[in-house]
Amino acid sequence: QEASRRTQLLPKDFEETLKLAPALVVPSDPALFGQAANNGQMLAEAIKTAKPVELLRAFALSLAGRSAAQRKKPATAAKGLLAWLKS
């Protein structure tokens, strides 16, 4: 773990180089990332309530112009497609 800390880039390194503040900083969670990789899962499938998962979910919703309150429960494929076509 010590070696990974030495090779990590800090957000300020990106900001200084790109002259742009990062929109999202995902904390390192080796246990979560390892568990998901070993099980062939996406992060949200491994541990839905993990901090990196919550951050990525919120970021994706903000990119889509939605809030967490606007999230809908998954519908069946046919109903979901019809709703998408109507919007």
Side-chain angles (χ1 to χ4, degrees):
Q1 186 176 4
E2 183 62 34
S4 67
R5 288 184 186 259
R6 288 191 305 243
T7 59
Q8 288 180 351
L9 292 173
L10 299 174
K12 71 177 180 102
D13 297 331
F14 280 99
E15 191 168 350
E16 290 171 0
T17 302
L18 299 176
K19 308 294 188 243
L20 184 66
L24 175 67
V25 177
V26 179
S28 177
D29 188 340
L32 169 64
F33 300 148
Q35 177 184 343
N38 289 337
N39 294 335
Q41 296 175 307
M42 294 186 294
L43 291 177
E45 291 175 322
I47 303 175
K48 293 178 183 182
T49 58
K51 185 69 173 174
V53 172
E54 291 175 359
L55 289 170
L56 289 167
R57 182 179 292 117
F59 184 62
L61 288 170
S62 71
L63 288 176
R66 296 182 175 202
S67 67
Q70 291 176 310
R71 285 185 60 206
K72 297 178 183 176
K73 290 185 177 181
T76 63
K79 288 182 181 179
L81 179 58
L82 289 174
W84 179 76
L85 289 172
K86 289 179 183 178
S87 60

Side-chain heavy-atom pair V53, L32 within 4.5 angstrom cut-off | yes
Nearest heavy atoms of K48 and E54, plus distance in Å | O-CG, 4.4 Å
Linking I/L/V/M/F/W/Y whenever their side-chain heavy atoms sit closer than 4.5 Å, directly or via other members, would V26 and L43 fall into one cluster?
-> yes
For atom CZ of F59, decide whether the heavy atoms of other residues, nucleotides or ligands shown that lie under 6.0 angstrom number more than 12.
-> yes
So if you build clusters from Ile, Leu, Val, Met, Phe, Trp, Tyr with side-chain heavy-atom gaps below 4.5 Å, do L9 and L20 land together?
-> yes
Does a side-chain heavy-atom distance below 4.5 Å link L24 with L56?
-> yes
Could you give the distance from CG (D29) to CD1 (I47), rounded to the nearest 0.5 Å?
-> 7.0 Å
Closest approach of A44 to R57 (non-hydrogen atoms, all atoms of both residues) | CB-NH2, 4.0 Å
Between D13 and L10, is there a donor-acceptor pair closer than 3.5 Å when you use the side chain of the first and the backbone of the second?
-> yes
So which heavy atom on A46 is nearest to which on A36, and how close?
-> CB-CB, 3.9 Å
What's the shortest heavy-atom distance between F33 and P27, and which atoms?
-> CZ-O, 3.9 Å
